[in-house]
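Values below: all heavy atoms of this structure, side chains included; hydrogens, waters and symmetry mates excluded. Computed from a predicted structure; not experimentally measured.
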Amino acid sequence: MKTLRADLASAAREARADARGAGRSGQADPQHHASTSHLRDAEMALDEFRHNMRADLRGWAVHTEVSAEIVTTLKSELDALRKSLFR
């Protein structure tokens, strides 16, 4: 039992050391760091857009009908934007 515990403790130490080493190597690459930062900013912008769009749609629905045309336009415009960004 003591041997098993020692082996598990040793494996845990090695895993932590490997994880720290991998984290350091990722930090050493400034291009990767910048890309990660830009990705985080893009995700925040998407979250903000989604929040605002949902609020707008719900506000619109209180006063009038959300038509099929609105939904179709929303889908096509979002699809066009996605395609234009990743060409």
Side-chain angles (χ1 to χ4, degrees):
M1 190 66 157
K2 288 182 182 179
T3 309
L4 178 60
R5 286 184 190 152
D7 290 342
L8 288 172
S10 176
R13 279 192 299 275
E14 288 177 24
R16 283 192 298 271
D18 289 345
R20 283 188 210 116
R24 287 187 190 117
S25 66
Q27 293 172 354
D29 182 7
Q31 185 176 9
H32 176 74
H33 179 70
S35 178
T36 300
S37 177
H38 294 309
L39 176 62
R40 187 173 37 253
D41 291 346
E43 288 176 347
M44 287 175 29
L46 283 171
D47 287 344
E48 182 180 0
F49 174 83
R50 184 174 185 269
H51 172 77
N52 291 337
M53 180 58 74
R54 289 182 72 183
D56 291 346
L57 283 170
R58 288 178 178 168
W60 183 264
V62 167
H63 301 291
T64 188
E65 177 187 353
V66 176
S67 68
E69 181 183 0
I70 290 173
V71 176
T72 301
T73 302
L74 175 64
K75 287 179 177 181
S76 67
E77 292 294 323
L78 288 173
D79 190 48
L81 175 62
R82 184 181 56 80
K83 288 177 181 176
S84 73
L85 289 174
F86 297 107
R87 285 186 183 174

Check your understanding: CG/L78 to OG1/T73 distance, rounded to the nearest 0.5 angstrom?
Key -> 10.5 Å

Review point. Thinking salt bridges, do D47 and R50 make one under a 4.0 Å N-O criterion?
Key: no

Review point. With a 4.5 Å limit on heavy-atom distance, are the side chains of E48 and N52 in contact?
Key: yes

Practice item. Calculate, to the nearest 0.5 Å, the distance between atoms CG and CD belonging to L74 and E69 respectively. Key: 12.0 Å

Review point. Rounded to the nearest 0.5 Å, how far apart are NE2 of H38 and CD of E43?
Key: 13.5 Å

**Study point:** From M53 atom CE to R58 atom CZ, the distance as rounded to the nearest 0.5 Å
**Key:** 13.0 Å

Review point. Can any side-chain N or O of T36 pair as donor or acceptor with the backbone N or O of H32 at less than 3.5 Å?
Key: yes

Practice item. Please report the closest heavy-atom contact between V66 and L57, naming both atoms and the distance. Key: CG2-O, 4.0 Å

Study note, to complete from the structure: So CZ of F49 and CG of L81: to nearest 0.5 Å the spacing works out to 8.0 Å

Point to revise | Spatial distance of atom CD (E77) from atom CG (D79) [nearest 0.5 Å] | key: 10.0 Å

